[in-house]
Number of protein chains: 2
Amino acid sequence: MRRKTKRRNTTQRNAIENVFRQHERPLGVDEVLRYGRRLVASLNQSTVYRNLKILVEDGWLKRISHASLGVLYERTGKGHHHHFHCRQCNRTFELPGCALKEEDVAPDGFIVEDHDIFLFGICPSCVSG
Amino acid sequence: MRRKTKRRNTTQRNAIENVFRQHERPLGVDEVLRYGRRLVASLNQSTVYRNLKILVEDGWLKRISHASLGVLYERTGKGHHHHFHCRQCNRTFELPGCALKEEDVAPDGFIVEDHDIFLFGICPSCVSG
DNA sequence: GTGTATGCAAAGCTTTTGCATAGGT
DNA sequence: ACCTATGCAAAAGCTTTGCATACAC
């Protein structure tokens, strides 16, 4: 899907990108809006939605979703990783690496192209805190 | 969370349960409503929402969610399994067994209690079809 | 100067809730 | 008979869209 016109480089989208650079973890729409307004006070909700969609389209962000957490966005290009959700502080983390052998995971006949892994438990700071 | 009063055994909830017994795969709210109406024509959307919530509370159903697939409900008590989504026919399957070693998957300090695995690819009937 | 991206408000979805009544016990 | 669960309609989210204007180029 190629774009016919060049993407304009707006203050708002830069702010949104910076929000993700500042918080290296998956963020919800509301968080992007809240943090983004610290950078551009006028930032509007529609603009956030529109730019999140654009950034996903451009492959800069990835959309993830969870039954209890709703929709989250995270930066791409950090290699394959898993997600860990802390049941205590309710934050989602990214864990490097992959402990899954795709060829072992599906019965014969299924062609596995890709996978997502979501872990649940308690994160280090909640364990020690 | 214990219930103070007994749950009544209604035609509508029975119908909803039967929908899941008839289709042994994760279903969306719309599918539950559509198939449920074949069993109880008057079945209402609110009733579906209310009963899905009840059945999750009672542990009879589990809620799963995915960025592109939205919210799905599936029966519990079938042992741990993974999900496979076919990119061609768009159906979601349950795959038996587990190919993940939880202790290998997270760095020190993270306590992993549970996990979900979602696979993507092509299912056998789409491969051969 | 031209035309896209933004802000605002309204519209569209999906899900939840209030209320009268049907129906399970 | 009692009182919960249902159906209906309204309300409450969350997300998208139309339109005038600001602003990137």
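In this text, all values refer to a predicted model and were calculated from it rather than measured experimentally. Sequence lines set the chain letters: A, B, ... in the order given, protein chains first and strands last, and positions in each chain run from 1.
Under 4.0 angstrom from either OP1 or OP2 of C:dG24 there lies no side-chain N or O belonging to B:Asn9. Residue B:Thr11 has a polar side-chain atom (N or O) positioned under 4.0 Å from OP1 or OP2 of C:dG24. Put simply, B:Thr47 has no side-chain N or O that comes within less than 4.0 Å of OP1 or OP2 on D:dA5. Contact annotation: B:Gln12 side-chain N/O to D:dG7 OP1/OP2 distance is under 4.0 Å. Residue A:Tyr49 has no polar side-chain atom (N or O) positioned under 4.0 Å from OP1 or OP2 of D:dT16. Taking side-chain N and O atoms only, B:Ser42 has a distance below 4.0 Å to OP1 or OP2 of D:dG7. The side chain of A:Asn44 places an N or O atom within less than 4.0 Å of a non-bridging phosphate oxygen (OP1 or OP2) of C:dC8.
With A:Thr92 contributing its side chain and A:Pro26 its backbone, the two residues share no donor-acceptor pair below 3.5 Å. Although no hydrogens or angles enter the test, the distance criterion places a donor-acceptor pair under 3.5 Å between the side chain of B:Asn44 and the main chain of B:Ser46. Although no hydrogens or angles enter the test, the distance criterion places no donor-acceptor pair under 3.5 Å between the side chain of B:Gln22 and the main chain of B:Val19.
No hydrogens or angles were tested; on distance alone, nothing pairs the side chain of B:Arg8 with the base of C:dT25 as donor and acceptor under 3.5 Å. Between the side chain of B:Arg50 and the base of D:dG7, at least one donor-acceptor pair of N or O atoms lies under 3.5 Å. For A:Ser46 against C:dA9, a side-chain N or O and a base N or O form a donor-acceptor pair under 3.5 Å.
Defining each end axis of the helix from C:dG1-D:dC25 to C:dT25-D:dA1 as the rotation carrying four pairs' C1' atoms onto the next four, with five pairs an end, the two axes are found to diverge by 30° to 10 degrees.
Whole-Å rounding puts the B:Asp30 CG to C:dC13 P distance at 14 Å. Atom CG of A:Asn51 and atom P of D:dA24 are 13 Å apart (whole Å). Here the P atom of nucleotide C:dG23 and the CZ atom of B:Arg7 are 21 Å apart, to the nearest Å. Between the P atom of D:dC23 and the CZ atom of A:Arg13 lies a distance of 16 Å, rounded to the nearest Å. Distance B:Gln45 CD to D:dA11 P: 17 Å, rounded to the nearest Å. As a whole-Å value, the separation of B:Asp58 CG from D:dA5 P is 11 Å. Regarding B:Arg34, its CZ atom lies at a distance of 13 Å from the P atom of C:dT14, rounded to whole Å. Put simply, CG on B:Asn14 is 19 Å from P on D:dT4, counting in whole angstrom units.
Taking the six-membered ring for Trp and thresholds of 30 and 60 degrees, A:His83 and A:His81 have ring planes more than 60 degrees apart, a perpendicular arrangement. Ring orientation note: the planes of A:His82 and A:His115 are tilted relative to one another, at an angle of 30° to 60°.
Each of B:Thr10 and B:Val71 has a nearest nucleotide on DNA chain C; the 5'-most of these lies closest to B:Val71.
Atom CG of B:Leu61 sits about 4.5 Å away from atom CG of B:Leu55, to the nearest 0.5 Å. Expressed to the nearest 0.5 Å, how far NE2 of B:His23 lies from CG of B:Asn18 amounts to 11.5 Å.
For A:Lys53, there are no salt bridge (charged side-chain N to carboxylate O under 4.0 Å, His left out) partners, not counting sequence neighbours.
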